[in-house]
Amino acid sequence: MQARAARFAAGRVSMHRVRLATWNVNSLPARMPRVLEWLARVQPEVLCLQETKVTAEAFPAAELERLGYAHVADGEGGRNGVAILSRVGLEGATRGFPGEPGAPITVEKAPAGTAPSLERRAIAATCAGVRVWSLYVPNGRSLDSPHFAYKLAWLAALRAAIEAELSACPQLALCGDFNVAPSDRDVWDPAAFIGSTHVTAEERAALEQLLQLGFTDVQPRALKGAPFTYWDYRAGMFHRGMGMRIDLVLLSHALAGGVGDAYIDRDARKGSKPSDHAPVVVDLDASV
DNA sequence: ATGGCCGACGAAGTCGGA
């Protein structure tokens with residue numbers, strides 16, 4: 001910090017405002033009209049996307065470039081897929097992370113001995129001095145599913161990779177759909193989730209161990225109602241306020257002190273053909 | 001109050017999501 005202060009005094013470090021956002025769009029091709037409208041309205045410097053459901057080759061780059069956004073993306077079509085959009089530069093992109101486990105193989109669909117397959121759930125890049133990760137944590141499906149063990153293993157491996165990343169990049173932001181509600185306050189009715197994924201002690205412990213590396217779980221304000229980021233499409237859950245906060249922005253201590261406004265853009269969940277998730281927007285000060 | 005919605009894939013019905 002003293003070194004940074006000295007560089008700042010010498011004029012080689014400048015503080016700048018970064019509007020950083022994360023949004024599980026549930027298919028970028030299907031969501032492009034909403035995403036383009038949202039970018040033009042909210043004007044984030046950086047947007048992390050999850051569930052893009054599009055390969056890197058088919059990524060709709062041209063329409064985003066017209067709004068001034070460069071991108072890095074990784075995807076497999078059909079499901080999963082992550083990306084980062086930035087209008088303040090993108091450097092040093094990495095896909096996945098060391099030690100990342102693969103998804104369980106459905107026995108009926110694969111020959112015996114088939115190796116678990118890596119999914120496209122993590123991408124990182126440096127944007128204006130901030131190391132940004134866009135993460136899509138596995139769902140887990142049910143407590144007795146192999147996919148639940150995969151979720152926990154994936155989070156444990158992520159923690160190990162992030163521990164190394166944090167020592168190299170003090171200004172570090174972990175953004176995305178964590179598929180974990182950090183506390184009972186983060187679901188509309190804790191009783192309704194007993195026996196379900198997203199709220200178990202194991203999942204919350206895995207998230208807590210990530211936080212204990214030195215991150216703050218930014219608490220965004222709600223535009224209306226409780227500060228949830230996800231509402232199921234079914235049964236009018238959104239209009240009944242029956243949601244969850246599972247999309248998170250975790251900021252390293254070097255960034256957490258510079259947070260200005262932080263909010264969940266509930267309006268993006270309204271209207272025609274919305275994603276089932278709302279974007280989380282965080283204004284922060286970073287230094288270059 | 002997860003049967004009930006939505007998207008992908010592919011061209012009808014499943015799967016996955018959380």
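Naming: A, B, ... by sequence-line order, numbering from 1 per chain. Note that the structure is a prediction, hence the values are computed from the model and not measured.
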Quickly work out the [X] [atom1] to [N] [atom2] distance and round it to whole Å.
X	N	atom1	atom2	value
A:Arg240	B:dA1	CZ	P	9 Å
A:Asn24	B:dG17	CG	C1'	9 Å
A:His277	B:dG16	NE2	P	17 Å
A:Lys151	B:dG16	NZ	P	16 Å
A:Asp276	B:dG16	CG	P	17 Å
A:Phe193	B:dA1	CZ	P	13 Å

Report all interatomic pairs (protein N or O, nucleotide N or O of nucleotides 12-14 of chain B) with separations under 3.5 Å.
none

Span that lies between the [atom1] atom of [M] and that of [N], in whole angstrom:
N	M	atom1	answer
B:dG10	B:dC6	P	22 Å
B:dG3	B:dC15	P	16 Å
B:dG4	B:dG17	P	16 Å

Report the residue from A:Val281, A:Ile264, A:Val282 that forms a side chain to side chain contact (heavy atoms under 4.5 Å, CB included) with A:Pro220. A:Ile264

Once side-chain contact (heavy atoms from CB on, under 4.5 Å) is applied, do any residues pair with A:Pro274, and if so which ones, sequence neighbours excluded?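 Partners of A:Pro274 under the side-chain contact (heavy atoms from CB on, under 4.5 Å) test: A:Arg34, A:Arg269.
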
How would nucleotides 4-11 of chain B be written as a contact map, 5' to 3', with B for base contact, S for sugar-phosphate-only contact and - for no contact, using protein heavy atoms under 4.0 Å? SBSSSS--

Would you please confirm or rule out a distance under 4.0 Å between OP1 or OP2 of B:dG17 and any side-chain N or O of A:Arg141? yes

Please examine the side chains of A:His198 and A:Lys151, heavy atoms only from C-beta on, and report whether any two atoms are closer than 4.5 Å.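 Heavy-atom side-chain distance check passes, below 4.5 Å.
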
Considering only heavy atoms from C-beta outward, does the side chain of A:Asn26 approach that of A:His277 to under 4.5 Å?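 In short, these two side chains do not touch, never coming nearer than 4.5 Å.
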
Regarding [X], tell me which of base, sugar-phosphate or nothing describes its non-hydrogen contacts under 4.0 Å with the strands shown.
X	answer
A:Met244	sugar-phosphate
A:Asn179	sugar-phosphate
A:Tyr136	sugar-phosphate
A:Asp177	sugar-phosphate

Hydrophobic cluster mates of A:Phe148, side-chain heavy atoms under 4.5 angstrom, ILVMFWY only, any path? A:Leu143, A:Leu152

Does A:Trp188 or A:Glu51 map to a spot on DNA chain B nearer the 5' end, using the closest nucleotide for each?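 Taking each residue's closest nucleotide, the earlier one in sequence belongs to A:Trp188.
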
Find out whether the Lys NZ or Arg CZ of A:Arg245 is both under 6.0 angstrom from the six-membered ring centre of A:Phe228 and within 45° of the ring's axis.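 That pair does not qualify as a cation-pi contact.
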
Backbone of A:Ala181 reached by a side-chain donor or acceptor of A:Arg204 within 3.5 Å: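 At least one qualifying donor-acceptor pair exists.
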
Would you list the pairs meeting ring pair (Phe, Tyr, Trp, His ring centres under 6.0 Å) in which at least one residue belongs to residues 41-83 of chain A, sequence neighbours left out? A:Phe59-A:His71

List the residues meeting ring-ring contact (aromatic ring centres under 6.0 Å, His included) with A:Phe97, not counting sequence neighbours, and say none if there are none.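 Checked A:Phe97 against ring-ring contact (aromatic ring centres under 6.0 Å, His included); matches are A:Trp154.
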
